[in-house]
Asker: 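I have a structure I would like to understand better, so I am pasting it below and will then ask my questions one at a time.
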Amino acid sequence: MVISICGKEDYSLIVEEFKHKHGIHKIVAFSGGASTSLSGISKDDPLQNEYEKIVQNVETKIIGEAIGLLRDYRIAVLTGGTKWGVPFIASRKAKEYGLKTIGVYPLVGKKHALGEEHLDLSFCVGPLVGQSNWCDESPIFANLLDGVIVCAGGAGTLTECAHILKINEHLLKSGNPLKYLVPIAGTGGVADFLQIISSNPDLRSRCMPNKRVVSGLHAAEILREELELEDYLI
């Protein structure tokens, strides 16, 4: 089911109905890069293909480990919903393990969106102002999730994480549960410096691990504890 959202339309009721229908209690997101090219190397250089294969294998291993552990809990997997990189791998792995999936992408990315074989619920987000651009969907993505595993990532991932951290500032003040972020160290990009973005050490210590996490299995174990998923076994 693909749902288009424009302007200030409310999507929360749709999500709650989806969660209720499928017995879902928590939403775990995967955020990360969609492109895997080497800078300074021409696109037709064979090295680009080799590098892409290596990155895909690493991301598949990390994401597969995480979802393999989380599959026994009442969760849905949230991604950017497109046909590349982390969003594609996470959506595909989630479906392989029988989990429900949600995709959130901007109107400009609709032509690159995954189909119903990978996504159980899709949000195509229209622009608030002007023409559609990538990251129009980032506020919705950030609001939907309870926890997120961050693997590599560029500007889009940074935008998503910044939204999550800003939301957490308010949640911390109001005494509500925070959205938990687990960056995978060593994957490059945003994941390798996410823990220094937040200038509030109290916030950082509450919504991110204080040690390096280098595997999907470890990331999933952390989310299992932080989101209290043991209370939501299938």
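Only a predicted model underlies this, so the values are computations on that prediction, with no experimental measurement involved.
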Asker: How would you list, by chain and number, every residue that makes a salt bridge (charged side-chain N to carboxylate O under 4.0 Å, His left out) with Lys61, sequence neighbours excluded?
Answerer: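 Salt bridge (charged side-chain N to carboxylate O under 4.0 Å, His left out) list for Lys61, sorted by chain: Glu65.
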Asker: Could you see if Leu178 belongs to whatever hydrophobic cluster contains Phe141? Use Ile, Leu, Val, Met, Phe, Trp, Tyr and a side-chain cutoff under 4.5 Å.
Answerer: no
Asker: Please determine which of Ile62, Val86, Val150, Ile89 meets the side chain to side chain contact (heavy atoms under 4.5 Å, CB included) test together with Phe30.
Answerer: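 Output: one option passes, namely Val86.
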Asker: Measure the acute angle between the ring planes of Trp84 and His112, then classify it against the limits of 30° and 60° as parallel, tilted or perpendicular.
Answerer: tilted
Asker: How many angstroms lie between atom CE of Met208 and atom CG of Leu194, to the nearest 0.5 angstrom?
Answerer: 4.5 Å
Asker: When you measure from the side chain of Thr79 to the backbone of Ala90, do you find a donor-acceptor pair of N or O atoms at a distance under 3.5 Å?
Answerer: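 Side chain of Thr79 to backbone of Ala90: no pair is present.
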Asker: Can you tell if the side chain of Pro183 reaches within under 4.5 Å of the side chain of Gln195, non-hydrogen atoms only?
Answerer: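 Yes - at least one pair of side-chain heavy atoms lies under 4.5 Å apart.
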Asker: What I want to find out is whether Glu96 reaches Arg92 closely enough, with some N-O distance under 4.0 Å, to be called a salt bridge.
Answerer: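 Answer for the salt bridge query: yes.
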Asker: Name all residues meeting the side chain to side chain contact (heavy atoms under 4.5 Å, CB included) criterion together with Ala185; count only those two or more places apart in sequence or in a different chain, and write none if there are none.
Answerer: Asp192, Arg212, Val214
Asker: For Ile184 and Ala219, work out which heavy atoms get closest and say how close.
Answerer: CD1-CB, 3.7 Å
Asker: Determine whether His118 and Phe88 satisfy the following criterion, ring-ring contact (aromatic ring centres under 6.0 Å, His included), listing intermediate values before the conclusion.
Answerer: CA-CA 8 Å; His118 288 106; Phe88 170 69; 5.5 Å; yes
Asker: Please name all residues satisfying side chain to side chain contact (heavy atoms under 4.5 Å, CB included) with Tyr180, sequence neighbours left out, ordered by chain then number.
Answerer: Val182, Pro209, Ile222, Leu223, Glu226
Asker: Could you please spell out the steps behind the side-chain contact (heavy atoms from CB on, under 4.5 Å) verdict for Leu181 and Ile164?
Answerer: CA-CA 8 Å; Leu181 303 93; Ile164 297 167; 3.7 Å; yes
Asker: Evaluate Leu78 against Val28 for side-chain contact (heavy atoms from CB on, under 4.5 Å), listing each step before the verdict.
Answerer: CA-CA 6 Å; Leu78 171 67; Val28 174; over 6 Å; no
Asker: Under the side chain to side chain contact (heavy atoms under 4.5 Å, CB included) rule, collect the residues that match up with Asn133, sequence neighbours excluded.
Answerer: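 Testing Asn133 for side chain to side chain contact (heavy atoms under 4.5 Å, CB included), a comparison that skips the adjacent residues, returns Gln131, Asp136.
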Asker: Count I, L, V, M, F, W, Y as connected when their side-chain heavy atoms are under 4.5 Å apart, and connections chain through other members. Are Val213 and Val58 then in the same cluster?
Answerer: yes
Asker: Stepwise, does the side-chain contact (heavy atoms from CB on, under 4.5 Å) test hold for Asn200 with Leu165?
Answerer: CA-CA 10 Å; Asn200 184 331; Leu165 290 171; over 6 Å; no
Asker: Determine which pairs satisfy salt bridge (charged side-chain N to carboxylate O under 4.0 Å, His left out) with at least one residue from residues 157-177, sequence neighbours left out, and list them in order.
Answerer: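 Passing the test, one end in residues 157-177: Lys166-Glu169.
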Asker: Within the structure provided, determine whether Pro87 and Tyr105 are in side-chain contact (heavy-atom separation under 4.5 Å).
Answerer: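 No. Closest side-chain heavy atoms not under 4.5 Å.
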Asker: Taking C-beta and beyond as the side chain, do Leu144 and Val15 meet within less than 4.5 Å on heavy atoms?
Answerer: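 Yes, at least one pair of side-chain atoms sits under 4.5 Å.
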Asker: Do you know which two heavy atoms are closest between Asn168 and Cys207, and how far apart they sit?
Answerer: ND2-CB, 3.5 Å
Asker: Below 4.5 Å, heavy atoms only, C-beta onward: do Lys100 and Ile75 meet side chain to side chain?
Answerer: no
Asker: Do Leu227 and Leu171 share a hydrophobic cluster, counting only Ile, Leu, Val, Met, Phe, Trp and Tyr and linking them when any side-chain heavy atoms are less than 4.5 Å apart?
Answerer: no
Asker: For residues Lys179 and Leu145, determine if any side-chain heavy atom of one lies less than 4.5 Å from a side-chain heavy atom of the other.
Answerer: yes
Asker: Measure the CH2-CG distance between Trp134 and Leu107 for me, rounded to the nearest 0.5 Å.
Answerer: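 Interatomic distance, Trp134 CH2 to Leu107 CG, rounded to 0.5 Å: 10.5 Å.
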Asker: Is there side-chain contact between Val77 and Ile102, with heavy atoms separated by less than 4.5 Å?
Answerer: no
Asker: Please report the interatomic distance OG(Ser132) to NZ(Lys110), rounded to the nearest 0.5 Å.
Answerer: 11.0 Å
Asker: Could you check whether any side-chain heavy atom of Lys83 comes within less than 4.5 Å of a side-chain heavy atom of Leu114, counting everything from C-beta outward?
Answerer: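 Yes, close enough: below the 4.5 Å cut-off.
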Asker: Is there a chain of hydrophobic side chains (I, L, V, M, F, W, Y, each step under 4.5 Å between heavy atoms) that links Leu217 to Leu99?
Answerer: yes
Asker: Test Glu52 against Gln56 for side-chain hydrogen bond (donor to acceptor under 3.5 Å, both in side chains), laying out the working first.
Answerer: CA-CA 6 Å; Glu52 182 177 353; Gln56 287 179 348; 3.2 Å; yes
Asker: Are side-chain heavy atoms of Leu69 and Glu221 found at a separation under 4.5 Å?
Answerer: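 Leu69 reaches Glu221 side chain to side chain.
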Asker: Looking at every non-hydrogen atom in both residues, tell me the closest pair between Ala66 and Ile149 and how far apart they are.
Answerer: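 Scanning both residues, the minimum pair turns out to be CB-CD1, 3.7 Å.
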Asker: Quick check: does any side chain N or O of Arg206 sit under 3.5 Å from a backbone N or O of Leu203, one acting as donor and the other as acceptor?
Answerer: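 Not a single qualifying donor-acceptor pair exists.
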Asker: side-chain contact (heavy atoms from CB on, under 4.5 Å) between Leu119 and Ser91: does it pass, once the steps are laid out?
Answerer: CA-CA 7 Å; Leu119 299 175; Ser91 299; 3.8 Å; yes
Asker: Show every side chain to side chain donor-acceptor pair (under 3.5 Å) that has at least one partner inside residues 137-148, sequence neighbours left out.
Answerer: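 Output for this query is empty, none listed.
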Asker: Would you find a donor on one side and an acceptor on the other, under 3.5 Å apart, between the side chain of Asn210 and the backbone of Ser205?
Answerer: no
Asker: Nearest 0.5 Å please: distance from the CZ atom of Phe193 over to the CG atom of Leu158.
Answerer: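 Going from the CZ atom of Phe193 to the CG atom of Leu158 covers 5.5 Å.
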Asker: State the NE2-CG distance between His22 and Leu121, to the nearest 0.5 angstrom.
Answerer: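 Between atom NE2 of His22 and atom CG of Leu121 there are 8.0 Å.
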Asker: If you take all heavy atoms of Leu70 and Leu229, which pair is closest and at what distance?
Answerer: CD2-CD1, 3.7 Å
Asker: Within this structure, what is the CD-CZ distance for the pair Glu230 and Arg224, rounded to the nearest 0.5 Å?
Answerer: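 These two atoms lie 5.5 Å from each other.
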Asker: Determine yes or no for a side-chain-to-main-chain donor-acceptor pair under 3.5 angstrom, with Thr187 supplying the side chain and Cys151 the backbone.
Answerer: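 Answer holds: no.
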